[in-house]
Structures are given as C-alpha cells and as structure tokens.
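The sequence lines fix the lettering, A, B, ..., with proteins before strands; numbering per chain opens at 1.
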Amino acid sequence: FTKRKLDDEALEELEETLISADLGVAASQRIVAGFRRTRFGREATDEEIKSALAEEIAAILTPVAQPLEITPGHAPHVVLVVGVNGTGKTTTIAKLSEQYRAQGLKVWMVAGDTFRAAAVEQLQVWGERTGAHVVAPAKHGADAAGLAFDALRDARAAGADVLLVDTAGRLHNKTALMDELRKVVRVLKRHGEAVPHSTLLVLDATTGQNAVSQVRVFKEMVEVTGLVVTKLDGSAKGGVVVALAQEFGLPVHAVGVGEKAADLRPFEARDFARSLVGLD
Amino acid sequence: MFTVFEALGSKLQGVFDRLRGRGALSEADVNDALREVRVALLEADVALPVVKDITAKVRERAVGQEVIRSIQPGQMVVKIVHDALVDALGGKDAAKGIDLAAASPVPILMVGLQGSGKTTTSGKIALRLRGRERKKVLLASLDVHRPAAQLQLETLARQAEVTSLPIIAGQTPLQIAQRAMETARGELYDVVILDTAGRLAIDDALMDEVAAVKAAVKPHETLLVVDAMTGQDAVNTARAFNEKVGVTGIVMTRVDGDARGGAALSMRAVTGAPIKLLGAGEKLDALEDFHPDRIAGRILGM
Ligand SMILES: Nc1nc2c(ncn2[C@@H]2O[C@H](COP(=O)(O)OP(=O)(O)OP(=O)(O)O)[C@@H](O)[C@H]2O)c(=O)[nH]1
Ligand SMILES: Nc1nc2c(ncn2[C@@H]2O[C@H](COP(=O)(O)OP(=O)(O)OP(=O)(O)O)[C@@H](O)[C@H]2O)c(=O)[nH]1
Ligand SMILES: [K+]
Ligand SMILES: [Mg+2]
Ligand SMILES: [Mg+2]
C-alpha cells in the first residue's frame with residue numbers, strides 16, 4: 001500500500017467522497033475540518049485515512065443508534081408511523097410486525113392510509129404474512145383519526161402488546177395534510193397523554209438534503225421520537241443521516257435493507273460510517 | 001427572508017465587492033464566485049460530477065464576458081449560471097410530451113426505483129392521453145412483487161376511466177406484458193402503459209427481468225420515474241437504468257414538495273434523455289409539462 005500525505009488535495013477528495021454520499025456541504029466540511037486539525041500533513045495509506053474518517057463519523061452516529069424499545073406493559077405500545085410519500089412506511093410496519101411476532105408479542109395494525117389506492121389491501125397482505133391483526137376502515141377515505149381511536153380501544157380490550165398505526169404518505173409542506181396527521185395524534189391522546197408511545201419518521205436513503213426539512217417539520221408537527229432509514233440495500237448511502245444526527249439528535253432505530261418482512265436491521269453506527277466513506 | 005436565489009446573488013455580489021477595491025479582477029477571482037455556485041448547486045442535490053461540469057461551463061462564459069467590468073457582476077454571474085442550467089436541462093424550447101408517433105398500439109414502459117411514483121404516474125398519463133389526446137388506453141401492471149400493486153393500478157385505471165388488463169395470478173411480468181400487447185392488438189388500443197415493480201439499479205435479477213420485457217415489447221417510450229427529493233445517487237440510478245433498458249424520457253415526481261430538484265439536472269446529464277413530465281400531487285390530474293427555466297429557477301431557489 002502506498003502512503004500519501006494528507007494535504008489539501010487529499011482532504012478535498014475526502015470532502016467530495018462525503019458530499020457524494022449525501023452528507024451535504026456543511027456537514028462534510030465540518031467533518032473534514034476536524035480531520036485537518038488533527039491529521040494534516042501526516043502520511044497514511046488510503047485505507048488508514050478512510051478508516052480514521054469513518055471512526056470520526058461513527059462517533060457522531062453512535063449516540064443516535066438506539067433500538068426501538070417496546071413496553072408490553074403499555075398493552076398496547078402504540079407506534080405511529082409517518083413520513084412523505086413512498087418512503088416505505090407500510091413495509092416498515094410489516095417488518096416491525098415480523099420482529100415483534102418473533103418475540104412472541106401480539107401485534108395489531110391499523111390501516112390508517114384510507115386514501116391511496118389499495119393501501120389498505122397492501123397492509124392486509126402484510127398482516128396475513130406476519131400474523132398480525134389488521135384494523136381496516138369501513139370505506140375509502142374514512143377518517144383516519146377515528147379509525148385509530150377505535151383500533152386502540154379494541155386492541156386494548158383484546159390484550160394486544162403492540163399497535164402499529166400506518167398513515168398516508170404526505171409532504172411536510174402541505175399544511176392541510178399535516179393538520180390531518182396532528183388530528184390523528186390529538187384523537188389518540190384521548191386514550192392517554194403518553195399515546196402514541198413512539199412516533200417513527202420513515203426516511204428513504206435515496207433522499208438528499210430535503211430530508212433535513214422533512215425531519216424539521218414532522219418533528220415540530222407530531223413530536224417524532226425516532227427515525228427509520230429504508231432502502232439502504234441500494235446504491236444510495238443515506239449520508240444525510242449524519243447531518244440529521246448533528247442537527248436533531250433523534251434516535252435512528254433501524255434500517256430497511258430490502259422489500260421482505262425480514263429485511264429490517266439495527267442501525268449500526270460503525271458499519272454505516274464505513275459504508276459512507278466507501279469501505280466494506 | 002432571502003430566497004436562496006437572492007442569497008446566491010448577494011453572496012456573489014459580496015465576493016465581487018470585496019475584490020473590486022483591488023482594481024482589475026483576475027480569472028482567479030472568478031473562482032471565488034464559482035465556489036458559491038458550487039455550494040448552491042450541491043445544496044440543491046445536483047450530483048457532484050454534474051456540478052463540476054456546470055461550474056466549468058460557467059467559468060468559461062464568465063471569463064469571456066464583461067462580468068468583471070459590469071456594475072453588478074454578482075447578478076451577471078447568476079444569470080450565466082441560470083442560463084447554463086437551462087441549457088443543461090434541454091434548452092428553452094424543451095417542453096416535449098410523450099411521443100406517440102408509432103404504429104398502434106404504442107407501448108410505454110414505466111421503470112424506476114421503489115416508491116418513486118411509477119404506478120401513480122401511469123394512472124396520470126393514462127388520464128391525460130384519454131382526455132386530452134382522445135386515445136384508447138390500456139393499463140397493465142407487471143408488478144408481481146409488491147403486495148396489492150396490481151389492485152392499486154386497477155383502482156387508478158377505474159378513476160382515470162380507462163381499461164386495465166384483467167389480473168391473472170401466477171403470471172410472470174413477461175407473460176403479462178405479452179398478454180397486454182396481444183389484448184391491445186386484438187381490441188385496437190392506441191396506447192399500452194406497462195407499469196413495472198420498483199427495483200434497485202444494482203439488483204441484477206430484477207434489472208434482467210425488465211430488460212427481457214423491454215426486448216419482447218420494444219416500447220416506444222421507456223420512462224424513468226424519479227423522485228424530486230433524490231440526492232447524489234441520482235447519477236448511479238440514471239446511468240444503470242439507461243444502460244440496461246435505454247431511457248427515452250424522465251418523469252420527475254413530487255415537485256409539489258419543497259425539494260430543490262437538482263436530481264433533474266443529474267439525470268438529464270447522465271442519460272441525455274429529456275425530462276418529459278412532472279408529477280405535482282397525488283391526484284391523477286396532477287401532471288405537468290416540463291419547463292427548463294422553471295426547474296432551473298427552482299434549483300437555484302428562486
Ligand atoms: N429495496 C427496498 N425497498 C423498500 C424498502 N422499504 C420499502 N421498500 C419498497 O418501497 C416501495 C414503497 O414502500 P411502501 O411501504 O409502500 O411505502 P409507503 O411509505 O407506505 O408509501 P405511501 O403509503 O404510498 O406513502 C415498495 O415497493 C416497497 O417494497 C427497503 O428497505 N429496501
Ligand atoms: N405528493 C406527491 N405524491 C406522489 C406523486 N406521485 C406519486 N406520489 C405518491 O407517492 C407514493 C408512491 O407512489 P406509487 O405510484 O405507488 O410509486 P411506485 O413507484 O409505483 O412504487 P413501487 O411500485 O412500490 O415501486 C404514493 O403515496 C403516491 O400517492 C407526486 O407527484 N406528488
Ligand atoms: K447502500
Ligand atoms: Mg403506505
Ligand atoms: Mg408501483
């Protein structure tokens with residue numbers, strides 16, 4: 001392995017690697033600037049440089065790498081799943097269901113996307129496949145808040161451990177749709193201030209800098225408690241998560257790595273960081 | 001509050017103001033301005049290699065023009081950047097819709113990553129072709145992977161008041177495509193829109209599957225559907241789909257969001273294929289024509 005000096009040119013290359021992984025200009029510059037302070041002018045192999053950079057990034061991500069803890073004592077623990085269109089909300093619910101069912105928990109789902117064509121049927125298929133009971137609306141376009149309220153009442157009576165609430169995809173800049181989502185939360189809270197116990201924002205790893213604006217608005221509107229990043233099985237690296245960790249510090253609970261119910265993994269800060277710099 | 005466009009303009013102006021006191025500006029001074037341009041484009045999610053191409057072109061034009069002596073060099077550079085973006089997006093008169101100039105039934109193949117908006121866009125195009133162009137349209141879902149995907153397209157077809165190919169469980173995507181074409185020939189349809197399952201560009205098995213459909217059907221249009229929120233990976237996706245199935249046009253969805261949409265530039269640069277349509281909402285009538293100057297302004301945060 002040839003060693004090279006960590007000079008301006010080498011640092012610029014590192015910055016470009018990070019930008020190409022969607023960390024954004026500001027976060028990339030910040031990280032490389034820290035690197036410049038501590039390592040400028042030293043000799044190292046490419047591999048050593050990248051490993052060191054990955055460690056630096058892993059240090060930013062480690063505090064947010066936290067699994068989603070379900071408290072069966074809530075009977076049921078209510079998980080509200082939100083996000084913009086097509087990020088993987090419904091599929092993530094299927095994956096969570098698979099995971100909790102394997103732990104022997106009794107899982108209920110609510111088909112809260114009463115709007116999109118065949119969204120209810122999509123969740124019903126996942127309910128069948130993962131052994132979860134699905135609460136579906138009586139008709140297309142039914143009120144999602146009322147549906148969720150009734151579902152929680154019935155799930156409680158039935159002794160469910162987890163209630164996973166699917167919602168329609170919505171763009172964070174659409175006020176009317178965000179108000180609708182707030183209503184779901186408000187109505188659920190009639191069952192108790194702590195409900196929903198978790199509110200997951202599902203982000204697509206293919207997304208660039210707009211993810212920052214998604215997190216900001218959803219967090220403000222519905223008190224997001226954690227993130228799930230999907231589609232990491234693709235070529236996109238999801239580097240915006242680093243900028244998100246620095247700006248919001250929200251837990252990243254899990255990552256989606258495929259379209260099957262089994263394709264959910266814990267968020268591993270170190271593996272994620274190494275993939276961002278092109279290692280592994 | 002500044003719009004980003006104003007911010008870029010005033011940042012650039014600031015760069016030139018600082019330099020002006022020193023008398024004649026050099027080519028190196030232009031580099032300072034170009035650094036601001038680079039940041040603005042990257043923040044809009046234009047892919048890095050494409051940013052480099054554009055800043056190189058801007059440098060060439062900026063140095064050649066009277067930027068240095070102009071009263072508002074900042075604004076002048078912004079205009080040069082804007083014009084370079086419009087060119088890169090296909091030039092002023094780029095607005096090209098779907099090309100139907102082929103023997104009926106004209107096959108249109110919809111491809112793209114998971115969740116990009118293919119099925120919804122299929123419904124939108126069907127509605128537009130039936131209404132505005134008075135075409136007899138057949139919609140067919142080749143998505144045997146996603147739960148209820150075929151039912152989703154069938155529902156949208158009903159909303160658009162066009163026919164969808166009857167669902168036969170157990171058929172492969174290739175068999176469905178062939179059945180769609182046979183049906184369309186037999187029942188004299190003008191257009192057949194083939195919606196496919198979402199797939200990753202690095203998933204060889206699924207990419208081979210869609211390539212086989214393409215070879216059998218020979219679509220007149222192969223539309224790559226991409227999300228306006230896409231980041232740097234846009235270049236990889238566009239390149240892979242273009243190499244595997246030959247993209248003839250791009251549809252960018254979710255422009256009703258607040259993403260700056262730099263992926264449009266990346267995709268266009270990599271494939272050379274025109275951006276044909278924009279998706280601007282979840283409803284079937286939310287389909288718009290593409291105007292390069294509007295997207296250029298959006299990328300610059302106008
Ligand atoms: N490759 C891959 N595909 C995924 C992953 N998660 C979800 N998908 C796919 O992404 C597409 C959209 O997933 P959905 O779960 O329907 O997304 P959604 O957020 O519920 O979509 P809307 O309800 O329409 O807003 C589907 O084709 C899924 O199979 C993942 O981790 N990897
Ligand atoms: N706001 C907005 N939402 C859109 C637009 N186009 C599609 N959607 C939504 O995005 C989500 C995914 O759309 P689909 O048409 O199912 O995407 P797809 O590419 O067919 O997904 P897969 O088949 O799973 O790969 C749905 O919630 C759509 O309503 C658009 O232009 N604007
Ligand atoms: K990846
Ligand atoms: Mg959904
Ligand atoms: Mg689809």
Could you state the interatomic distance from [atom1] ([X]) to [atom2] ([Y]), rounded to the nearest 0.5 Å?
X      : Y      : atom1 : atom2 : result
B:L113 : A:D204 : CG    : CG    : 8.0 Å
B:Q152 : A:E121 : CD    : CD    : 10.0 Å
B:L200 : A:T206 : CG    : OG1   : 8.0 Å
A:S213 : B:R260 : OG    : CZ    : 11.5 Å
B:R146 : A:T90  : CZ    : OG1   : 7.5 Å

Between the side chains of B:E282 and A:K174, is the shortest nitrogen-to-carboxylate-oxygen separation below 4.0 Å, so that they form an ion pair?
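Salt bridge flag = no for B:E282 with A:K174.
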Given the options [options], which has more heavy-atom pairs under 4.5 Å with chain A than any of the others?
options                        : answer
B:D203, B:L151, B:D258, B:I202 : B:D258
B:T230, B:D233, B:T253         : B:D233
B:A234, B:P147, B:G115, B:A201 : B:P147
B:T155, B:L48, B:T119          : B:L48

Interchain contact, [X] with chain A, by part (heavy-atom threshold 4.5 Å):
X      : answer
B:R158 : neither
B:A259 : both
B:K118 : neither
B:Q114 : both

Counting only heavy atoms not in B:Q171 (residues, nucleotides, ligands), do more than 12 fall under 6.0 Å from its CD?
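Atom CD in B:Q171 is crowded, with more than 12 foreign heavy atoms closer than 6.0 Å.
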Determine the option with the most heavy-atom pairs under 4.5 angstrom with chain B, choosing from A:A117, A:A205, A:G24, A:G169.
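Most pairs with chain B among the choices: A:A117.
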If you tally heavy-atom pairs under 4.5 Å against chain B, which of A:T207, A:L123, A:V125 wins?
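Looking at each of A:T207, A:L123, A:V125 in turn, A:T207 comes out on top.
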Full working for side chain to side chain contact (heavy atoms under 4.5 Å, CB included) between B:R199 and A:E259
CA-CA 10 Å; B:R199 66 200 72 225; A:E259 301 189 71; over 6 Å; no
Minimum heavy-atom distance between A:A118 and B:A148, given as atom pair plus value:
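Answer, listing the atom of A:A118 first, then B:A148: CB-O, 3.7 Å.
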Interface moiety of [X] toward chain B, non-hydrogen atoms closer than 4.5 Å:
X      : answer
A:L23  : neither
A:Q124 : neither
A:V84  : side chain

Side chains of B:M229 and A:Q209 in contact at under 4.5 Å (non-hydrogen atoms)
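B:M229 vs A:Q209: side chains apart.
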With heavy-atom distances below 4.5 Å as the criterion, would you say the side chains of A:E16 and B:K52 are in contact?
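Yes, their side chains come closer than 4.5 Å.
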Examine distances only and state if a side-chain atom of A:N210 and a backbone atom of B:D45 form a donor-acceptor pair shorter than 3.5 Å.
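No, A:N210 side chain to B:D45 backbone: no donor-acceptor pair under 3.5 Å.
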Donor-acceptor contact present, side-chain A:D22 to main-chain B:Q232, <3.5 Å:
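Side chain of A:D22 to backbone of B:Q232, a donor-acceptor pair under 3.5 Å: yes, one is there.
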